[in-house]
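Chain letters run A, B, ... following the sequence lines, proteins first, then strands; residues in each count from 1.
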Amino acid sequence: QETVTMAVTDVAGLEELRRDWGPFAEALEQYTGFGVEFAPVTSRTAAVELLRSEEVDFVLTGPAEYVVMQELTGAEPVLGFSRPDYFSGIITMADSGITSVDDLRGERVAVGDVGSTSSHLAPLQLLADYGLDPQEDVELTHTAERVAYEALKRGDVAAWGTNYMDDYIRLRSREEELSPGAFRVIARGPDLPNDVLVAGSHVPEQTIETLRDAVVENSDALVAAIVEDGGEENLKYEGMRFIANIDDSDYDYVRDAYGAIGQERFDRFAGE
Amino acid sequence: MAVAERLRRPEPVNAPAPAAPELTVEGLSKGYTGGSEPVLQSVGFSIQAGERVALLGANGSGKSTLLRCCLRLVEPDAGAIQLFGSDVRSLPSRQLRSLRSRVGFIFQRHNLVGRLSVLSNVIHGAIGHARHPALWCQAMASGHWRERAFRCLEEVGLSEYAARRADRLSGGQSQRVAIARTLMQQPRLVFADEPAASLDPTAGHEMMTLFTRLVRSHGMTLVFASHDLEHARCYADRIIALQAGRVVLDRPVQAVDFQGLDGLYRQEAG
Amino acid sequence: MAVAERLRRPEPVNAPAPAAPELTVEGLSKGYTGGSEPVLQSVGFSIQAGERVALLGANGSGKSTLLRCCLRLVEPDAGAIQLFGSDVRSLPSRQLRSLRSRVGFIFQRHNLVGRLSVLSNVIHGAIGHARHPALWCQAMASGHWRERAFRCLEEVGLSEYAARRADRLSGGQSQRVAIARTLMQQPRLVFADEPAASLDPTAGHEMMTLFTRLVRSHGMTLVFASHDLEHARCYADRIIALQAGRVVLDRPVQAVDFQGLDGLYRQEAG
Amino acid sequence: MSARASRASGSLPPRLPGTGLLGFAAYLLAAVVVIWSLADSELSVTRLANGVPEIGRLVGEMFPPAFDRMPSIGRTMLETFQMAVAGTFLGVLLSLPLAVLSARNLSPHPALYYLARGLITFCRTVPDLIWAIIFVITVGLGPFAGVLALMVDTIGFCARFFAEAMEEADDGPPEALRSLGAGRLDMIASAVVPATLPSMIATSLFAFEKSTRSSVVLGLVGAGGIGIELMSAVDMYDYRNVSTIILCIFAMVVAVERLSASLRRRIL
Amino acid sequence: MSARASRASGSLPPRLPGTGLLGFAAYLLAAVVVIWSLADSELSVTRLANGVPEIGRLVGEMFPPAFDRMPSIGRTMLETFQMAVAGTFLGVLLSLPLAVLSARNLSPHPALYYLARGLITFCRTVPDLIWAIIFVITVGLGPFAGVLALMVDTIGFCARFFAEAMEEADDGPPEALRSLGAGRLDMIASAVVPATLPSMIATSLFAFEKSTRSSVVLGLVGAGGIGIELMSAVDMYDYRNVSTIILCIFAMVVAVERLSASLRRRIL
Ligand SMILES: Nc1ncnc2c1ncn2[C@@H]1O[C@H](COP(=O)(O)OP(=O)(O)OP(=O)(O)O)[C@@H](O)[C@H]1O
Ligand SMILES: Nc1ncnc2c1ncn2[C@@H]1O[C@H](COP(=O)(O)OP(=O)(O)OP(=O)(O)O)[C@@H](O)[C@H]1O
Ligand SMILES: [Mg+2]
Ligand SMILES: [Mg+2]
């Protein structure tokens, strides 16, 4: 029996992975006939290197990572994990007097980890869309979401660019002191490209096809395995769909964003 | 010995009026955890101000332990210790400190602070009196203390070595620094654990003469452990001998038969 | 002294046929970095097999340094040292080790390994001969070595203390362990730096007698530094005296005026 | 000495004194745990050897180092350096009293001993991220929060090792100071500190070096620093800049180590 | 002694001996750097004091600890524990020879000294992330890679501190062993190791504790561990589980520390 190794970036530990993705793996094994081994790899750099050294076959990852993997390893997308309300926003305090992106000129803006799709790349692309040069016109601070949230409330940063649903809404809903009206969203981006299951360039076409077919045929059962049987973290996939006919150009928005953060290597026009 | 023979036995020190004794020890016992037998067993004696007492005993008979116990550097298991009229064992720590500051202690292993200079080590002698951070090392001490310490170093013939690190000395030099530290302290009572063991013969006699001078002029009291019977005979008024942790002899030096002392060292192994 | 007086001076040891000397030192000089003056200045002498040599000198005159230099425990600045016919200063490290294994060294500060048992410390004496990991501590050593070490401990009267940690001993006991370690080594030449300084009078004489016995029966050679003129007179065949790092006296013990030795200790400060 | 020998009782001591059944069981347990852990970790030398060419590939990508970002690297390095100096300095300062309280032989009271130990352990156990959140809530984003985070980090490390050095120091000189009537503080300052100074210098400069390298702590409070620069270079697969930054950090670490070694050589 | 005193030359030594202009300049420079760093880090006690009430809010969110994930926490803890044992064990084993080579007083040759120092420093300078990647592409995902990464981590820390302990040890007993004709190895095993054992135990057990806490290294090789569990709880804003995990780690750390203290007490 063939066994495939699948890494999931974004999932922190083995225990999480077992809890969140165990049911999905079992369902996959059942429908494809492969053995499926999951490997939680917290770093995308590690994931890329693993693909290159053929240690893993598939990686479930975010859009930004996909762009890089595609660029560096020639990996190809297998399936999109389309999830609802996956977009970024620029948030300020309602009483800060900042009402438009243009007001952020010269201000301090908090964003997430370097290279994160929804909390770094997309917010900066958003600033760029509104006519700011994110490299020059604002002062960027990379930090963890919770830290950024507290810093925003204290007024240490003028704005916070992040994943709208996952970070902003979730933290706001736990807020005990401030009412939701205390915050203002001054920009919302478009829905971001899908999370994606990537296959390493060494994986035979046959295997990829089998997997894709199995998923498409048993879509509902697999979604249920992810969302219902999976852990709390997977709630972000609630209402998700598998996208089989995924296209590389769907990710051009992310490539632009790489340009916005000053990483021309992964920009849309890099290879040309 | 030849050297020693030529030094006259000093005249007996004038005994002070028979006041309360400086040090009284009663029923003192001590055993180290781990060691099987007790090291000291109901040791008792009493020492008057101005006396010079030699503590004799074979290796391991408990001399060093006894001296340590008197200052509670090692906690005794049982017994009573009266020092300058205070009950040492029940003293709160502040008073104990002030008591200790009046008692000089010369250790068998000298116990200098190796990484500090000789002068700093001597200045430490005053730390119990002044309790001031300036005395932590010579660089911070006021000129007054530095000069006093330097004079103490001159007293032991080491003034050239004031700036030397204490762990770069020869065995006898470090012994002398320990003595200078005690001189700096200007104590009322001195416990000296083999103070002349690493000294050359002349230095040994000079040191004991110096102590005798202090006893005579300042009414200081001296208790010294020694293996040098010559020193005991010349510089003590009284001999206390330990054997396997018990006092087996306690009498004025005139009444001691030094020839017969061999037994003291014969009976014991270790 | 009284004790010592009663010990007869041992008969002179039969000198061996005048072969090559065991130890020859020529023009040896040494200055510590940091110290201003050199500690040894062109020291020279030569010692025959079976001799017992006492090294005298005031505190800080350089006795310990001289002994250390002979084994290159401290690297001399200049001079030549011939030991058992080898040129110590040019010896590659393997030969130097094997040379050292035949020379016993009793340190002034004893230098025991404090956290190991007394027995382990004595077993170390054989480490230069056997070069075997089993000798690192008593728990690993073979019964043969353990028993030999135990016998050496008996020799110094410490067999009861075999299991005791070496840093839980009295001053004299740790001195004895250092001596037992040297006995274990069965050396051809012994450098002893004040080997009797912390010993009680009887033990001191017994120890020196023991060494004399070894010198006589095994043709061992003994060089000991000492401040005890009595010991020098009784147990040495020859006296070498240092003053401020120079040899000022080197002659057979019979020809030494011990009364006049005072000058040796007078001239020097520190 | 033979006269004594005959009287001397005692026989060869046991090889393993005072261990007893319990001690033996403890040794055995420790051995079993180590073996079990090693067995479960699938060690394999062949796998290691086979993988070596892969390393070559990765290392190959790192060369030659790129120097295009030197100015920005230099700037961040200076920033980190400053924060590290301040944080480590404060941390070491606070570690000293904590270490005294948590050194068994110097602590004035067992309760204080356990309290101080607990506090130090706590500093280490609470993760950096939580400390960062706490400090950001308290003093806001910026270098001050970074300095505080580094300070806590330093305390968790230095106070523990200072205490251990103090416990190990020879107790002769402190005993002499006690016999002179010195108070605890005098004794510590004039006997314990000189004895432990080399070890404290090594520990402090290690903590400083650690602070300079530490990316997590500083990154979290938005304080930047060379560690963050490095991480983002890694995240962007910018391996040639990664090797540049590693070289810079290496130079810095070596400099700190040489400083430490030379200070220690003077006082050892 | 007065006779000698009159002959004794010498006068009061200078307060700061042998420092000279250069030494003084160095002190001054160090002071300036510290003050400059402190000044630039915007320290402010009022800001710190004002913020303290805010901390209460965060701590409030952490209580009471949640126990719903105890079984999974326990399992992860055990896994981490095993890898930490294996990694630290191997690391300490390799640290010993490296430490000897990099201790100034024991190193057989200056070249080896610098080489070993460099290697140890290198282990520390290359970030965990890179080490983890290297090992993962070399031996594949799994515990082996984790153990190797922890091993390198341990070497960078232990070898350095072992070496320092060896440099600080009293040189009397080793000198005695040398005088007995012992080789370097004999000398180290029978004099240096006993002298430094307490310090080595403390360092090793600290390294073990560090390995158990270390999240970065293990997370990368897909090895999970309690550190990762903690991070993900923090990421999920699941503060009540965060406090549970912190308490578990705290208990573990305290246990390791007590073990260290009791081992040391026996041999100190
Ligand atoms: N490590 C060192 N560094 C600097 N100077 C030293 C060192 N060791 C000894 N000295 C100095 O060298 C001189 C000779 O010392 P040495 O120990 O050889 O004397 P010694 O004759 O053995 O004296 P003692 O009878 O007191 O033991 C002394 O003045 C001493 O201060
Ligand atoms: N720290 C310790 N732990 C256990 N036993 C000890 C300790 N210190 C000393 N002893 C033991 O206590 C006994 C008495 O030791 P002490 O040092 O008082 O003897 P001493 O009379 O001073 O001998 P010496 O003349 O050799 O200095 C010895 O048998 C010694 O082994
Ligand atoms: Mg004693
Ligand atoms: Mg000497």
Side-chain angles (χ1 to χ4, degrees), chain D residues 33-34 36-38 40-44 47-48 51-52 54-55 58 82-83 85-86 89 104 117-118 121-122 124-127 129-130 133-134 137-140 142-144 146-147 160-161 164 167-168 198-199 202 206 213 215-216 230-231 234 242 246 249-250 253-254 257 261 264-265 268, chain E residues 33-34 36-38 40-44 47-48 51-52 54-55 57-58 82-83 85-86 89 104 117-118 121-122 124-127 129-130 133-134 137-140 142-144 146-147 160-161 164 167-168 198-199 202 206 213 216 230-231 234 242 246 249-250 253-254 257 261 264-265 268:
Chain D
V33 167
V34 169
W36 168 64
S37 300
L38 287 175
D40 271 15
S41 45
E42 302 168 18
L43 306 191
S44 144
R47 244 163 85 201
L48 191 61
V52 169
E54 288 289 329
I55 301 180
L58 192 68
Q82 258 186 300
M83 272 194 282
V85 168
F89 179 78
R104 190 175 289 278
R117 282 265 155 180
T121 309
F122 187 72
R124 269 203 316 276
T125 310
V126 172
L129 181 53
I130 302 280
I133 296 174
I134 287 179
I137 293 178
T138 320
V139 304
F144 188 21
V147 167
R160 150 110 196 228
F161 276 88
E164 248 126 40
E167 286 177 355
E168 280 158 32
S199 152
F206 184 88
R213 282 184 285 126
S215 50
V216 188
L230 176 62
M231 282 307 129
V234 172
V242 167
I246 291 182
I249 299 183
F250 189 76
V253 171
V254 167
E257 238 190 45
R264 284 161 50 83
R265 200 172 35 223
L268 258 182
Chain E
V33 166
V34 168
W36 169 63
S37 300
L38 287 175
D40 271 14
S41 45
E42 302 168 16
L43 304 192
S44 145
R47 242 163 87 201
L48 189 61
V52 169
E54 290 287 312
I55 298 178
R57 183 164 55 81
L58 185 72
Q82 257 187 300
M83 272 197 280
V85 167
F89 179 78
R104 188 174 290 277
R117 282 263 154 182
T121 308
F122 186 72
R124 266 203 319 277
T125 310
V126 172
L129 183 59
I130 303 278
I133 292 174
I134 287 180
I137 64 178
T138 316
V139 303
F144 188 23
V147 167
R160 150 109 197 229
F161 276 89
E164 248 127 39
E167 285 177 355
E168 280 159 30
S199 153
F206 184 88
R213 282 184 286 126
V216 188
L230 177 61
M231 282 308 130
V234 174
V242 167
I246 291 182
I249 300 183
F250 189 77
V253 171
V254 167
E257 239 189 43
R264 284 161 49 82
R265 199 173 34 225
L268 256 182

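In this structure, chain E has heavy atoms under 4.5 Å from both the backbone and the side chain of D:Val34. Using a 4.5 Å cut-off between heavy atoms, E:Phe161 contacts chain D through its side chain alone, with no backbone atom that close. Only the side chain of D:Val147 comes within less than 4.5 Å of a heavy atom in chain E; its backbone stays farther off.
The salt bridge (Lys or Arg N to Asp or Glu O under 4.0 Å) test applied to D:Glu167 returns D:Arg117, E:Arg264, not counting sequence neighbours. With sequence neighbours left out, E:Val254 forms a side-chain contact (heavy atoms from CB on, under 4.5 Å) with D:Thr121, E:Phe250, E:Arg258.
The distance from the CG atom of D:Leu58 to the CD1 atom of E:Ile133 is 7.0 Å, given to the nearest 0.5 Å. Summarising the geometry, atom CD1 belonging to D:Ile130 is positioned 6.5 Å from atom CG belonging to E:Leu230; distances are rounded to the nearest 0.5 Å.
Listed here is the closest heavy atom pair of E:Leu129 and D:Met231: CD2-SD, 3.7 Å. Nearest heavy atoms, E:Glu164 versus D:Ala202: OE1-CB, 3.3 Å. Residues D:Ala261 and E:Arg104 share a closest heavy-atom pair of CB-NH2, 4.2 Å. Among all heavy-atom pairs drawn from D:Val52 and E:Thr138, the shortest one is N-CG2, 3.9 Å.
Of the listed residues D:Arg124, D:Arg265, D:Glu257, the one with more heavy-atom pairs under 4.5 angstrom with chain E than any other is D:Arg124. In terms of heavy-atom pairs under 4.5 angstrom with chain E, the leader among D:Val242, D:Ile55, D:Ile249, D:Val126 is D:Ile55.
A distance-only check finds no donor-acceptor pair linking the side chain of E:Gln82 to the backbone of D:Asp40 [under 3.5 Å].
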